[in-house]
Every structure is written in C-alpha cells, then in structure tokens.
Amino acid sequence: MKEEYQRVFDAIAGIPPGRVASYGAIAARAGLPGRARLVGRLLGEVPDGMQLPWFRVLRSSGEIAMPAGSRGFREQCRLLRAEGVEVENGRVPLSRFGLDADVDRELWGLP
DNA sequence: AGAATGACAATGC
DNA sequence: GGCATTGCCATTC
C-alpha cells in the first residue's frame with residue numbers, strides 16, 4: 001500500500017465521533033490537496049466491517065455519496081445517527097457537524 | 001496511447 | 001439550490 005493511501009486512512013480515522021468531513025477535507029488533511037477522488041476510490045474498495053469510520057466522509061455539500069436506498073447508504077445513515085449526527089434526507093447539515101477550518105485547527109493542530 | 005468511469009470539488013449562471 | 005463546465009487522479013478497456 002502506498003504511503004499516500006495510509007495517510008488518507010489516518011486522516012479518516014482522525015475524524016472525531018459525531019463529526020463528518022468532506023472528501024476534499026480528508027484529502028487535504030492527508031497532504032493530498034485536490035485528490036478528493038482518490039479518497040472516494042479508496043473508500044469504495046474498503047470492505048464492510050473494516051475498522052474505519054468511512055461513514056463520516058461525505059460530499060462537500062454534506063450529502064451521502066452513494067445511491068440513496070443502497071445498502072451502504074442505509075448503513076451510513078444508521079451509523080451516523082448512532083453517533084448523534086442528524087441525517088435528513090440522506091444529508092447532514094455541515095454547518096453543525098462538519099469539520100471546518102477552526103475545528104480542524106483546534107483538533108488536529110494545523111497552522 | 002486514448003477514452004471512459006467513478007463514494008469528488010470549485011466556479012459560474 | 002440546481003445545472004453545466006472544468007479540473008483531478010487512478011483504473012480499466
């Protein structure tokens with residue numbers, strides 16, 4: 001596995017419970033700005049049951065990035081709600097649960 | 001090599 | 001907020 005991939009996994013694992021982050025944010029946190037798609041590709045190949053909070057990763061708009069109604073979709077909603085995250089119509093209000101620059105700094109100690 | 005595809009994103013209307 | 005465009009990266013045909 002490439003270094004980059006590992007860093008992405010770390011970044012995802014670094015999302016605190018009850019919070020969500022966008023693909024772009026993860027990529028950036030992993031030191032791979034502009035590689036949001038890479039993140040998405042990795043998550044797609046992560047087997048279910050793997051110890052990774054993949055469900056905390058959403059699109060920049062806050063919506064779940066899979067076909068509504070699909071198995072993974074429901075699973076993601078369930079897991080998120082289990083952590084206290086509001087999921088309304090397959091979407092999460094990033095204004096409250098999303099990691100923004102401020103939280104990011106406080107949490108991960110970025111400059 | 002060239003084109004299409006995908007759990008994406010930023011910008012402009 | 002929706003829709004189209006453009007940029008991106010890795011993989012697969």
Side-chain angles (χ1 to χ4, degrees):
Chain A
M1 177 92 46
K2 288 201 169 196
E3 251 284 322
E4 278 70 8
Y5 292 27
Q6 189 55 55
R7 292 226 300 278
V8 172
F9 287 134
D10 285 347
I12 296 175
I15 306 173
R19 288 278 185 170
V20 296
S22 70
Y23 288 82
I26 293 301
R29 178 63 186 80
L32 305 167
R35 286 131 186 94
R37 286 190 105 134
L38 174 62
V39 177
R41 204 183 67 66
L42 284 194
L43 290 186
E45 99 167 42
V46 172
D48 292 10
M50 176 184 229
Q51 203 54 44
L52 186 77
W54 56 271
F55 52 87
R56 294 182 193 146
V57 186
L58 310 173
R59 291 194 191 179
S60 58
S61 50
E63 17 181 359
I64 290 175
M66 350 182 186
S70 69
R71 182 172 145 307
F73 177 93
R74 278 183 315 228
E75 190 67 354
Q76 183 159 17
C77 291
R78 191 177 63 73
L79 290 167
L80 285 175
R81 281 200 270 256
E83 289 192 342
V85 176
E86 278 183 39
V87 183
E88 194 69 33
N89 193 354
R91 191 170 77 193
V92 171
L94 292 181
S95 50
R96 276 181 292 165
F97 301 100
L99 288 174
D100 39 39
D102 312 314
V103 183
D104 195 339
R105 235 184 308 103
E106 296 177 15
L107 220 52
W108 292 332
L110 291 181

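First the proteins, then the strands, lettered A, B, ... as listed; each starts at 1. Just so it is clear, the structure is predicted and the values come from calculations on it, not from any experiment.
Across all strands shown, A:Gly44 has heavy atoms under 4.0 Å from base atoms, whether or not it also approaches the sugar-phosphate. In this structure, A:Ser61 reaches neither bases nor backbone, as no heavy-atom distance under 4.0 Å exists between it and the strands shown.
Side-chain atoms of A:Tyr23 and A:Leu43, non-hydrogen and from C-beta on, do get closer than 4.5 Å to each other. Residues A:Ile64 and A:Phe55 are not in side-chain contact: their nearest non-hydrogen atoms beyond the backbone lie 4.5 Å or more apart. The shortest side-chain heavy-atom distance between A:Pro16 and A:Leu99 falls under the 4.5 Å cut-off.
In a base pair of the Watson-Crick type (N1 to N3 plus N6-O4 or O6-N4) or a G-U wobble (N1-O2 and O6-N3), with each distance short of 3.5 Å, C:dC8 is matched with no nucleotide. The partner of C:dG1 is absent, by the rule that a Watson-Crick or G-U pair needs both atom distances under 3.5 Å.
Pairs of residues two or more places apart, or lying in two chains, that qualify as salt bridge (charged side-chain N to carboxylate O under 4.0 Å, His left out) and include a residue from residues 58-72 of chain A are A:Asp48-A:Arg71.
Across A:Val92, A:Val87, A:Asn89, a single residue satisfies side-chain contact (heavy atoms from CB on, under 4.5 Å) together with A:Cys77, and that is A:Val87.
One C1' atom belongs to C:dC13, the other to B:dA7, and the distance between them is 22 Å to the nearest Å. Comparing the C1' positions of B:dA1 and C:dT12 gives an interatomic distance of 14 Å, to the nearest angstrom.
Distance alone, capped at 3.5 Å, is enough to place a donor-acceptor pair between the A:Arg56 side chain and the A:Ile15 backbone.
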Nucleotide by nucleotide, nucleotides 2-13 of chain C touches protein heavy atoms under 4.0 Å in the pattern (B base, S sugar-phosphate only, - none) -----BBSSS--

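Using a 4.0 Å cutoff to heavy atoms of chain A, the contacted part of DNA chain B runs 5' to 3' from B:dG6 to B:dA10.
Comment: A:Glu86 engages A:Arg96 in a salt bridge, judged by a side-chain N to carboxylate O separation of less than 4.0 angstrom.
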List the steps and the verdict of salt bridge (Lys or Arg N to Asp or Glu O under 4.0 Å) for A:Glu88 and A:Arg91. CA-CA 5 Å; A:Glu88 194 69 33; A:Arg91 191 170 77 193; over 6 Å; no

